[in-house]
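Computed from heavy atoms alone, side chains included, the values below leave out hydrogens, waters and symmetry copies.
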Amino acid sequence: MSLNFRFGVASDLHIALQETIWSNSTRFHLVEVSIPALETVLEHLQQLNLDFLLIPGDLTQDGEPENHRWLAQRLKELPFPVYLVPGNHDVPSVESNDRSIAWKDFPWYYPDCGYQNPNLHYYTCELLPGVQLIALNSNNFDAEGKQLGVVDEIQLTWLEEVLEQFSHKLILVMIHHNLIEHLPGQSKHPLGRRYMLDNASVLLQMLRKYQVKLVFTGHLHVQDLAEEEGLYEITTGSLVSYPHPYRVLELETDSQGKTKLEINSYRVKDLPGWENLLETSREWMGDRSYPFMLKMLTAPPLNLSQAEAEKLVPELRYFWADIAAGDAIFSFPQFPAVVRDYFEKFSAQDRNGKPALIDNQAKLWF
């Protein structure tokens with residue numbers, strides 16, 4: 001079957017109505033722009049004759065019912081269907097509290113966005129003839145109520161049945177947590193592994209068994225495209241964090257079954273009252289980067305002393321902003337050799353160490 005369709009991806013919206021916004025001097029998310037930024041994106045997407053929009057989680061600031069209600073209603077008004085999954089911010093606790101909805105209530109807010117069975121936090125649906133979406137839930141809780149990034153056994157059993165049933169179709173998988181590393185050593189680093197699915201290897205093995213090629217994730221708040229053994233994971237940065245990105249993708253297959261996916265990324269550059277949004281947002285992130293970069297320097301594998309780290313932190317003020325933007329090339333000739341090598345490995349490069357600027361604009365063939 002020949003396919004030809006266009007779709008959008010916007011992630012980690014962190015929607016916050018004005019009356020729900022809470023102040024925190026260390027908050028990376030610029031939730032103050034969440035609603036106008038989303039409106040700008042939707043205005044653009046409505047001009048493009050999209051077939052559908054994917055949102056890989058973190059829909060709200062922190063699971064507030066009023067923010068979920070607002071978003072559900074707004075998405076319902078769009079001329080194209082929207083499909084989404086929960087992020088860790090959308091259901092931060094099992095039971096409801098004075099801020100957040102209960103875990104069991106999440107699907108009830110989004111019956112128009114894939115959740116036709118409100119008793120399940122995952123689903124599958126036909127996007128177009130020959131194209132099947134599998135939307136997974138990666139947010140679960142242990143016996144003590146601690147939030148975990150994992151796909152549980154019940155869902156894994158369901159997933160294999162669905163993969164087998166629709167193996168003749170093009171399958172798109174959407175999940176909040178990362179399955180493939182997007183940063184060097186992400187699965188082992190104390191700051192990076194919390195963004196990865198705890199049982200990613202199990203899920204990846206199953207997806208490869210059924211020759212799934214495309215996975216869409218969020219959570220990490222960076223623009224990045226990663227590939228491992230023929231499976232591509234496209235993670236999209238947060239709409240409330242620098243550089244406020246979103247994507248438009250076009251997929252085509254020819255009569256021989258060869259598929260091309262063209263990825264184009266855009267940025268929300270200015271908003272009313274935020275005329276220099278990108279510059280302001282970059283500084284916002286830089287202002288809050290000190291403790292984060294200090295942890296990177298003092299944690300394994302570098303294990304620098306506090307004194308050694310404090311000397312280097314100022315020169316890393318925009319490091320995470322550059323990572324978030326995607327396609328960054330780093331050079332730190334002034335750093336000690338071990339530290340220099342470590343941070344320069346975060347550059348956008350292929351396995352041979354050559355620049356590979358594919359995080360924002362790319363063409364994939366499979």
Examine [X] together with [Y] and report whether their ring centres are nearer than 6.0 Å.
| X | Y | result |
| --- | --- | --- |
| His182 | Tyr195 | no |
| Tyr246 | Tyr266 | yes |
| Tyr342 | Phe335 | no |
| Tyr83 | Phe7 | no |

| Would Ser305 and Glu308 count as having a side-chain donor-acceptor pair, cut-off 3.5 Å? |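 Indeed, the side chains of Ser305 and Glu308 share at least one donor-acceptor pair under 3.5 Å.
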| message | Distance alone, cut at 3.5 Å: any donor-acceptor contact between the side chains of Asn178 and Gln186? | response |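 On atom types as modelled, these side chains qualify, holding a pair under 3.5 Å.
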Same apolar cluster (I L V M F W Y, side chains within < 4.5 Å links), [X]/[Y]:
| X | Y | answer |
| --- | --- | --- |
| Leu204 | Leu159 | yes |
| Met206 | Leu172 | no |
| Leu316 | Leu191 | yes |
| Val33 | Leu278 | no |
| Leu170 | Leu53 | yes |

Any donor-acceptor N/O pair, [X] side chain to [Y] backbone, under 3.5 Å:
| X | Y | answer |
| --- | --- | --- |
| Ser100 | Glu64 | no |
| Glu39 | Ile35 | no |
| Ser2 | Thr253 | yes |
| Glu275 | Gly273 | yes |
| His89 | Gln61 | yes |
| Asn140 | Val150 | yes |
| Asn67 | Ile15 | yes |
| Asp142 | Lys146 | yes |
| Arg27 | Ser23 | no |
| Asp350 | Asn352 | yes |

What's the separation between atom [atom1] in [X] and atom [atom2] in [Y], rounded to the nearest 0.5 Å?
| X | Y | atom1 | atom2 | result |
| --- | --- | --- | --- | --- |
| Ile329 | Phe346 | CD1 | CZ | 13.5 Å |
| Lys363 | Ile263 | NZ | CD1 | 11.5 Å |
| Leu120 | Thr124 | CG | OG1 | 12.0 Å |
| Leu214 | Leu133 | CG | CG | 11.5 Å |
| Leu50 | Glu250 | CG | CD | 9.5 Å |
| Asn88 | Asn139 | CG | CG | 5.5 Å |

Counting heavy atoms not belonging to [X], are there more than 12 under 6.0 Å from its [atom1]?
| X | atom1 | answer |
| --- | --- | --- |
| Lys260 | NZ | yes |
| Lys169 | NZ | yes |
| Gln334 | CD | yes |
| Glu19 | CD | yes |
| Trp108 | CH2 | no |
| Gln205 | CD | no |
| Gln211 | CD | no |

| query | Are Glu283 and Arg317 close enough for a salt bridge, meaning some N to O gap below 4.0 Å? | reply |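 Arg317 and Glu283: salt-bridged.
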| task | In plain terms, say whether Arg282 and Glu279 are close enough for a salt bridge, that is, a side-chain N and a carboxylate O under 4.0 Å apart. | result |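 No, this pair does not count.
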Measure across [X] and [Y] and return the closest heavy-atom pair with its distance rounded to 0.1 Å.
| X | Y | value |
| --- | --- | --- |
| Leu231 | Val212 | CD1-O, 3.6 Å |
| Pro79 | Gln46 | CD-OE1, 3.3 Å |
| His176 | Ser138 | CB-OG, 3.5 Å |
| Ser11 | Gly57 | OG-O, 4.1 Å |
| Pro65 | Tyr109 | CB-OH, 3.6 Å |
| Pro118 | Gln116 | CD-O, 3.4 Å |

Report yes if some heavy atom in the side chain of [X] is under 4.5 Å from a heavy atom in the side chain of [Y]; otherwise report no.
| X | Y | answer |
| --- | --- | --- |
| Ile180 | Tyr232 | no |
| Glu161 | Thr157 | yes |
| Tyr110 | Tyr123 | no |
| Pro86 | Tyr115 | yes |
| Leu297 | Leu312 | yes |
| Leu203 | Val173 | no |
| Val215 | Ile175 | yes |
| Val85 | Asp90 | no |

| request: Any chance you could lay out the side chain to side chain contact (heavy atoms under 4.5 Å, CB included) test for Gln306 and Leu294, step after step, and finish with the verdict? | output: CA-CA 8 Å; Gln306 185 85 2; Leu294 194 66; 3.3 Å; yes
| Candidate list His29, His219, His244, test ring-ring contact (aromatic ring centres under 6.0 Å, His included), partner His14, passing option |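 Of all the options given, the one that passes is His29.
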| message | Quick one, Ile55 with Leu75, criterion side chain to side chain contact (heavy atoms under 4.5 Å, CB included). Give me CA distance, side-chain angles, the key distance, then yes/no. | response | CA-CA 11 Å; Ile55 308 179; Leu75 297 179; 4.1 Å; yes
| Does the pair Met296 and Leu302 meet the rule for a side chain to side chain contact (heavy atoms under 4.5 Å, CB included), with working shown? | CA-CA 8 Å; Met296 282 194 72; Leu302 291 177; over 6 Å; no
| message | Exactly one of Arg247, Gln223, His221 should register a side-chain hydrogen bond (donor to acceptor under 3.5 Å, both in side chains) with Thr236. Which one does? | response |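 It is Arg247; the other options fail the test.
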| request: Determine the interplanar angle of the His68 and Phe106 rings, folded into 0 to 90°, and report it as parallel if under 30°, tilted if 30 to 60°, perpendicular if over 60°. | output: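 His68 and Phe106: perpendicular rings.
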| query | Passes side chain to side chain contact (heavy atoms under 4.5 Å, CB included), Ile101 versus Thr60? Steps please. | reply | CA-CA 11 Å; Ile101 66 171; Thr60 60; over 6 Å; no
